[in-house]
Amino acid sequence: MSDRASIPDYVAEAEHYVRKGEEILEELQRINSSEARCLRASMYITAMKRLKRLIESHQELYNSEFYAESDATNPDNKQYRWWPSSKIALGAGLFRRRTG
């Protein structure tokens with residue numbers, strides 16, 4: 001979830017699919033469909049509810065102070081790299097210079 005503004009849209013879409021799944025399940029039960037089909041519909045509804053809760057937990061994380069602090073810029077303006085600088089690497093013998 002990279003866009004905070006679209007999270008409410010994701011929640012609304014998940015709610016829509018949960019409602020639609022419940023309608024389908026009710027229709028399957030009304031027409032006395034097989035137990036396997038009703039079970040499968042119930043499993044899809046359960047999965048959509050879990051996804052909705054996951055989206056809502058992301059929304060809570062975005063609204064928390066912890067996430068707001070991690071968005072702050074680095075006050076020292078230092079950029080950290082995972083690779084060593086060329087002087088350190090040459091001094092440590094990580095790179096070898098070719099001769100001749």
Side-chain angles (χ1 to χ4, degrees):
M1 306 246 169
S2 59
D3 188 14
R4 291 183 204 183
S6 63
I7 290 178
D9 296 333
Y10 293 139
V11 172
E13 185 178 6
E15 288 172 350
H16 167 74
Y17 284 121
V18 168
R19 281 193 308 273
K20 197 72 168 159
E22 289 171 345
E23 291 172 7
I24 291 171
L25 179 60
E26 288 174 7
E27 179 68 22
L28 288 173
Q29 291 171 344
R30 189 183 63 76
I31 62 172
N32 293 326
S33 187
S34 69
E35 191 174 325
R37 286 185 180 186
C38 292
L39 178 63
R40 187 170 47 184
S42 297
M43 290 169 57
Y44 287 137
I45 293 169
T46 304
M48 278 310 306
K49 286 180 180 179
R50 285 183 188 152
L51 285 173
K52 180 179 173 263
R53 284 194 306 264
L54 180 67
I55 293 167
E56 289 170 341
S57 68
H58 276 275
Q59 185 176 22
E60 291 170 8
L61 178 67
Y62 279 131
N63 294 336
S64 71
E65 293 179 16
F66 171 77
Y67 196 81
E69 289 174 5
S70 66
D71 278 349
T73 57
N74 187 357
D76 298 335
N77 290 330
K78 293 181 182 176
Q79 293 193 3
Y80 298 100
R81 301 180 292 205
W82 62 268
W83 64 89
S85 68
S86 58
K87 288 183 181 180
I88 295 172
L90 288 173
L94 294 176
F95 302 117
R96 294 185 183 179
R97 294 183 180 174
R98 293 185 180 203
T99 56

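In this structure, Ser33 OG and Ile24 CD1 are separated by 11.5 Å, a value rounded to the nearest 0.5 Å. To the nearest 0.5 angstrom, Ile55 atom CD1 is 9.5 Å from Glu15 atom CD. Atoms OH and CG, on Tyr10 and Leu54 in that order, are 12.5 Å from each other to the nearest 0.5 Å. Interatomic distance, Lys52 NZ to Glu56 CD, rounded to the nearest 0.5 Å: 4.0 Å.
By the salt bridge (Lys or Arg N to Asp or Glu O under 4.0 Å) test, Glu22 pairs with Lys49, sequence neighbours left out. For the side-chain contact (heavy atoms from CB on, under 4.5 Å) test, residues two or more places apart in sequence or in another chain that qualify with Gln59 are Ile7, Pro8, Val11, Asn63. By the salt bridge (Lys or Arg N to Asp or Glu O under 4.0 Å) test, Glu26 pairs with no residue at all, sequence neighbours left out. Residues forming a side chain to side chain donor-acceptor pair (under 3.5 Å) with Glu27 (at least two apart in sequence, or on another chain): Arg30.
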Sequence neighbours left out, cut at 3.5 Å: what donor-acceptor pairs do the side chains of residues 36-48 make with other protein atoms?
{"residue": "Ser42", "atom": "OG", "partner": "Cys38", "partner atom": "O", "Å": "3.0"}
{"residue": "Thr46", "atom": "OG1", "partner": "Ser42", "partner atom": "O", "Å": "2.9"}

